[in-house]
Amino acid sequence: MILSIESSCDDSSIAITEIATKKVLYHKKISQEEQHSCYGGVVPELASRLHAVALPEILKETKPYFGKLKAIAVTNQPGLGVTLLEGIAMAKTLSVLLDIPLIPVHHLKGHIYSLFIEKEPILPLLVLLISGGHTQVIRVESFEHMEILATSMDDSVGESFDKCAKMMGLGYPGGPLIEALALKGYVNHFELPIPLRNSPLIAFSLSGLKNAVRLQAEALGGIEGMSEQDRADLSASFQKAVKLHLIQKSKKIFAKEEIKDFAIVGGASANRYLRNAYQDLCDEFGKTLHVAPLEYCSDNAAMIGRYAVEAYERKLFIDPNAIDIVSTKKQQSGMLL
Ligand code: KG4
Ligand code: ZN
């Protein structure tokens, strides 16, 4: 079995995965959404202190598995430095104490492997990763070969939901709140710009749209002046603009890529409105859409464990004394490191 730890942002999570069957034997996640909600986003130092309490609490429950563990896996990049360190400190300690190998896991690869929890990998695969930190299209040829085909030049999809929710005084995380409110709003009520609509670039950009939402919110009198219906209409109009943007750029990629399997992963892949739009797009292009179960869309240790099973079989271990957070600049293109 492998014990995996995830603490790259505001979710403290630990999972136990059986290597032979790839089954998740234990999985727990303690989210900090409530504690960050009043700030409208994640406060790194607060998140780090909360991990320091939550991770040991969860770890206690996994003690019965300790005798059967073959490796410890932990997210070491990308993420918030101070929160990654909490998981890494725990993983290092366990690896040394139990004298078993340590596996460093790239968080985005973990999101990709959320699709294969308790399953065999479906490869090659074209993946749209939409999370709080990233918006990327990645061509996944194999475990070793993952190439970034398109990236957001500024905000990520999840981040744009969070920031727009903040402007409307909705709380954090904004994605599920906006999605729910949008059901009560009119998608064509506000005319918002579709990012990079006339640009040939195969890239994403969400900051201009976010700014348009800010101006609209201000015109409606800001958080104090807006009515419930204004919030619903603005949510629906914003979500529609995000959808049109993602679909327009994805179409360009679909026209060039022959891979038949397509997947959406990351926190924002839980959004049903976006999922439905991608189902229609896949139908149009003869592709098969894959999504992870809802509980594994946002950050979790089960996806880290699933990736770690593959890494374990390839003996991709790291010396516990050498592991550290990897602080890379957001990767815009090339092979996923
Ligand atoms: O993957 P994730 O848990 O963390 C990162 O790796 O960043 O993604 C969190 C993000 C947040 O920005 C949250 O607002 C967004 O995913 N999200 C959604 C939905 N559920 C979560 N965005 C749009 N619609 C949703 N239903
Ligand atoms: Zn994530």
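Order of appearance sets the numbers: ligands from 1, and atoms from 1 within every ligand.
Here's the thing with S298: none of its N/O atoms is less than 3.5 angstrom from an N/O atom of ligand 1. Looking at ligand 1, you won't find any N or O of P173 less than 3.5 Å from one of its N or O atoms. The shortest N or O to N or O distance between A270 and ligand 1 is not under 3.5 Å.
Distances below 4.0 Å separate heavy atoms of G133 from the following atoms of ligand 1: 7 (O). Atoms of ligand 1 found under 4.0 Å from any heavy atom of G174, numbered from 1 in the order shown, are 14 (O). Near G158, with a cut-off below 4.0 Å to any heavy atom, the atoms of ligand 1 are 12 (O), 14 (O). Ligand 1 places these atoms under 4.0 Å from at least one heavy atom of G267: 1 (O), 2 (P), 8 (O), 16 (O), 17 (N), 18 (C), 19 (C), 20 (N), 21 (C). Near H111, with a cut-off below 4.0 Å to any heavy atom, the atoms of ligand 1 are 1 (O), 6 (O). Each of the atoms 25 (C), 26 (N) of ligand 1 lies under 4.0 Å from some heavy atom of E179.
Heavy-atom separations between H107 and ligand 1 include at least one value shorter than 4.0 Å. In this structure, H134 has no heavy atom closer than 4.0 Å to ligand 1. For C9, the closest heavy-atom approach to ligand 1 does not fall below 4.0 Å.
The protein atom (non-hydrogen) at minimum distance from atom 9 (C) of ligand 1 is G132 N, 3.7 Å. The protein non-hydrogen atom at the shortest distance from atom 24 (N) of ligand 1 is N271 ND2, 3.0 Å. Here the heavy atom of the protein found nearest to atom 14 (O) of ligand 1 is D162 OD1, 2.7 Å. In terms of protein heavy-atom proximity, atom 23 (C) of ligand 1 is nearest to G175 CA, 3.4 Å. Closest protein heavy atom to atom 2 (P) of ligand 1: D299 OD1, 3.3 Å.
Using cut-offs of 30° and 60° for the angle between ring planes, the Y307 and F143 rings count as parallel. Between H36 and Y172, the two ring planes are perpendicular [angle over 60°; tilted spans 30° to 60°].
Under the 4.0 Å criterion applied to side-chain N and carboxylate O atoms, R314 and E310 are assigned as salt-bridge partners. Salt bridge absent: K184 and E228 never bring a charged side-chain N and a carboxylate O closer than 4.0 Å. Ion pairing between a basic and an acidic side chain is recognised when a charged N comes within 4.0 Å of a carboxylate O; E218 and R214 show such pairing. A salt bridge does not link K287 with D261: none of the charged nitrogens is closer than 4.0 Å to a carboxylate oxygen. Using a 4.0 Å cut-off between charged nitrogen and carboxylate oxygen, K22 and E118 do not count as a salt-bridge pair. Ion pairing between a basic and an acidic side chain is recognised when a charged N comes within 4.0 Å of a carboxylate O; E179 and R272 show no such pairing.
Note: F262 and H290 fail the aromatic proximity criterion, with ring centroids not under 6.0 Å apart. In summary, the aromatic rings of F161 and F238 are positioned with their centroids under 6.0 Å apart.
At a cut-off of 2.8 Å, H111 coordinates the Zn ion (ligand 2) through an N, O or S atom.
When all heavy atoms of S7 and L55 are compared, the pair lying nearest together is CB-CD1, 4.2 Å.
Rounding to 10 degrees gives 100° for the angle at the Zn ion (ligand 2) between NE2 of H107 and OD1 of D299.
Taking a 6.0 Å sphere around CD of E144, one finds it holds more than 12 heavy atoms contributed by other residues, nucleotides or ligands.
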